[in-house]
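For reference, the structure discussed in these notes is given below.
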Amino acid sequence: MSSPAALTLTRTSVAIVGAGPAGLTVANLLRAAGVDCVLLEAESREFIERRPRAGFMEEWAVRALARHGLADRLLERADTQAEFEFRFDGERHTVRTAELSGSRHFVYPQPLLVADLVAAYADRTAGDVRFGVREVRLHDLDGERPAVSYTDPVTGARHRIECDFIAGCDGARGVTRAAIPADRTVLTRYDHGVAWLALLAEAPPSADGVVFGIHERGFGAHMARSPQVTRYYLEVAPGEDAENWSHARVWDELRIRLAAAGAPPLTEGPLIEKVILGMHNYVVEPMAYGRLYLAGDSAHLVAPIAAKGMNLAINDALLLADGLIAHHKGDDSGLAGYSEACLRRVWQYLEFSQWLSEVMHGASSGDRFRAGTASARLRRLLGSESAAKAFAGLYIGEEADL
């Protein structure tokens, strides 16, 4: 029986765990600034470039990536959206968010952004990225020489990367958040009490952009993704099985919940994805422990009610990269204030998501008080210019500190 391979030891400034939007943004910015880093990802490159994820990017996030040369393809290919539509009580109500806020949403599915960021880091600048790593572990987080170890998927050898800092960007089920002692952070959770059936239909969009249908049977939504593919959502009971929703049942329910006078009929097509999403949030405070800094879904999860998750991940990544780069110039103020700076935007977006959730789900809650207050919020939003402007600023996202 052969003996196990010897441990391979390497050294870098920053070890980044997770090649999603947060980890890839940090890696690209560090690479451009001349800060050594190694990026580790549990999945293959092909997988992360195809994994279905969010598609809405706020304009401030796009402009920030563009300033670093990371948005060329995005700006060439992405559609933009300047308004959306509420449908309720059989009527259509348009909210012109760009006119109200001065900004737009960019429609660019996360897999395309990930592919662009991987190409920028790995192909254009030969950054060190290691895909398919197994059994990732973190070591000595509160010491002077933290490290990340992993198993090579091909050889089975263990590798240890010693570093100055670790960026934990490996998502809700990753190892980095779990490596923090439970008594050193506060984990706050909130459950909206509903679930969504997320659907992808091979069918042209039936409206120009986003439609939110508010109905006593449950919330429904339409979101254009491409000329051939449309994203739909249906509110369902928590714990519902997606297989209970046949093709006919889905389309019947979408037609009911999105019905309104003058609305074009829905264009039906094959359902190529059916996934149940629980509407819940969590926040880790602080977003750092020792030499480990969390970013994106490792630190906070925002239900997809307001399409904020990818934007928060990019905000974290920009702040973390700035702090790490400043450290190498002798300034630790950015790292010291990292968690507080991120959490300002996180909590603002969580509050907005909760507000919008009540608007979307109040009518179907079975609670007359919630239904009445949801209706009042809608009337105020649609009837007051000042309320509409405040809403649009949060819906689109604002670049300034919140």
Side-chain angles (χ1 to χ4, degrees), residues 49-59 62 71 73-88 90-99 103-116 196-215 217-236 242-277 304-307 309-311 356 360 395-396:
E49 291 182 349
R50 291 177 171 82
R51 175 170 45 190
R53 284 294 186 270
F56 285 98
M57 297 186 65
E58 296 172 355
E59 186 164 346
V62 173
R73 221 163 61 115
L74 190 164
L75 291 170
E76 289 174 2
R77 299 176 60 186
D79 292 328
T80 60
Q81 293 188 354
E83 61 186 37
F84 74 91
E85 183 180 317
F86 280 122
R87 294 182 187 174
F88 60 94
E91 297 182 351
R92 306 170 70 186
H93 304 269
T94 299
V95 181
R96 294 180 172 82
T97 47
E99 181 180 314
S103 298
R104 303 160 294 167
H105 266 140
F106 285 71
V107 183
Y108 199 64
Q110 182 173 312
L112 296 182
L113 178 65
V114 165
D116 295 347
W196 284 4
L197 175 62
L199 304 152
L200 270 181
E202 279 189 339
S206 303
D208 291 336
V210 174
V211 178
F212 294 143
I214 297 170
H215 198 280
R217 294 174 66 95
F219 170 74
H222 163 288
M223 299 181 183
R225 278 290 181 262
S226 75
Q228 298 82 30
V229 176
T230 306
R231 168 70 77 184
Y232 289 98
Y233 292 110
L234 283 171
E235 178 190 344
V236 297
E243 294 308 309
N244 292 335
W245 288 81
S246 66
H247 179 101
R249 185 185 181 191
V250 163
W251 288 105
D252 286 346
E253 202 65 29
L254 284 170
R255 280 190 286 269
I256 292 171
R257 299 188 193 185
L258 297 176
L266 298 184
T267 304
E268 190 173 320
L271 299 172
I272 56 176
E273 179 184 280
K274 291 191 296 184
V275 180
I276 299 292
L277 304 175
I305 291 165
M310 180 163 57
N311 298 286
L356 189 57
M360 292 174 170
Y395 178 78
I396 291 292

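- Taking all atoms of both residues into account, the shortest heavy-atom contact from Ala307 to Phe56 is CB-CB, 4.0 Å.
- Taken to the nearest 0.5 Å, the CG atom of Asn311 stands 11.5 Å off from the CD atom of Glu59.
- Sorted by first and then second residue, the salt bridge (charged side-chain N to carboxylate O under 4.0 Å, His left out) pairs with a member in residues 254-266 read Asp252-Arg255, Glu253-Arg257, Arg255-Glu268; sequence neighbours excluded.
- Legend: residues meeting salt bridge (Lys or Arg N to Asp or Glu O under 4.0 Å) with Glu273, ordered by chain and number and at least two apart, are Arg231.
- Scanning for side-chain hydrogen bond (donor to acceptor under 3.5 Å, both in side chains) contacts around Glu49 gives Arg45, with sequence neighbours left out.
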Please assess Asn244 against Arg249 for the test side chain to side chain contact (heavy atoms under 4.5 Å, CB included), listing each intermediate value before the final yes or no. CA-CA 9 Å; Asn244 292 335; Arg249 185 185 181 191; 4.0 Å; yes
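- Looking only at side-chain heavy atoms (C-beta outward), Leu271 and Tyr232 stay at 4.5 Å or farther from each other.
- Contact annotation: the side chain of Asp116 approaches that of Tyr108 to within less than 4.5 Å [non-hydrogen atoms, C-beta and beyond].
- With rounding to the nearest 0.5 Å, the separation of CG in Leu356 from CZ in Phe219 is 7.5 Å.
- Two residues are said to be in side-chain contact when any heavy atoms from C-beta on lie closer than 4.5 Å; His105 and Tyr395 meet this criterion.
- Between Arg51 and Val114 there is no side-chain heavy-atom pair separated by less than 4.5 Å.
- Side-chain N or O atoms of Thr230 include none that pairs as donor or acceptor with a backbone N or O of Ala201 at under 3.5 Å.
- Residue pairs meeting the salt bridge (charged side-chain N to carboxylate O under 4.0 Å, His left out) criterion with at least one member in residues 200-215: none, sequence neighbours excluded.
- Applying the salt bridge (Lys or Arg N to Asp or Glu O under 4.0 Å) criterion to Glu235, with sequence neighbours excluded, gives no partner residue.
- In terms of the side-chain contact (heavy atoms from CB on, under 4.5 Å) criterion, residue partners of Leu277 (sequence neighbours excluded) are, by chain and number, Ala198, Tyr233, Val275, Met279, Pro304.
- Put simply, OG1 on Thr94 and CD on Glu85 are 5.0 Å apart, with the number rounded to the nearest 0.5 Å.
- Ring geometry for Phe84 versus Phe86: interplanar angle over 60°, hence perpendicular rather than tilted (30 to 60°).
- Judged by distance alone, the side chain of Arg87 and the main-chain N or O of Leu258 form a donor-acceptor pair under 3.5 Å.
- The side-chain heavy atoms of Trp196 and Val236, taken from C-beta on, include no pair separated by under 4.5 Å.
- To the nearest 0.5 angstrom, Met57 atom CE is 5.0 Å from Leu74 atom CG.
- Taking each heavy atom of Ala260 and Arg92 in turn, the nearest pair found is CB-CG, 3.4 Å.
- The shortest heavy-atom contact between Phe212 and Met223 is CE2-CE, 3.9 Å.
- Considering all non-hydrogen atoms of both residues, Glu58 and Ile396 come closest at CG-O, 2.8 Å.
- Inter-residue side-chain proximity for Val250 and Leu197 is flagged as met; some heavy-atom pair is nearer than 4.5 Å.
- Taking each heavy atom of Pro264 and Ser206 in turn, the nearest pair found is CG-O, 3.3 Å.
- Judged purely by atom type and a 3.5 angstrom limit, Arg217 has no side-chain atom pairing as donor or acceptor with the backbone of Ile256.
- Residues Ile214 and Phe88 share a closest heavy-atom pair of O-CB, 3.5 Å.
- In this structure, CG in Leu254 is found 4.0 Å from CG in Leu234, a value given to the nearest 0.5 Å.
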Margin query: Run the side chain to side chain contact (heavy atoms under 4.5 Å, CB included) test on Arg77 and Phe106 for me, step by step, so that the C-alpha distance in whole Å, both residues' side-chain angles and the decisive distance to 0.1 Å come before the verdict.
Written below: CA-CA 10 Å; Arg77 299 176 60 186; Phe106 285 71; over 6 Å; no
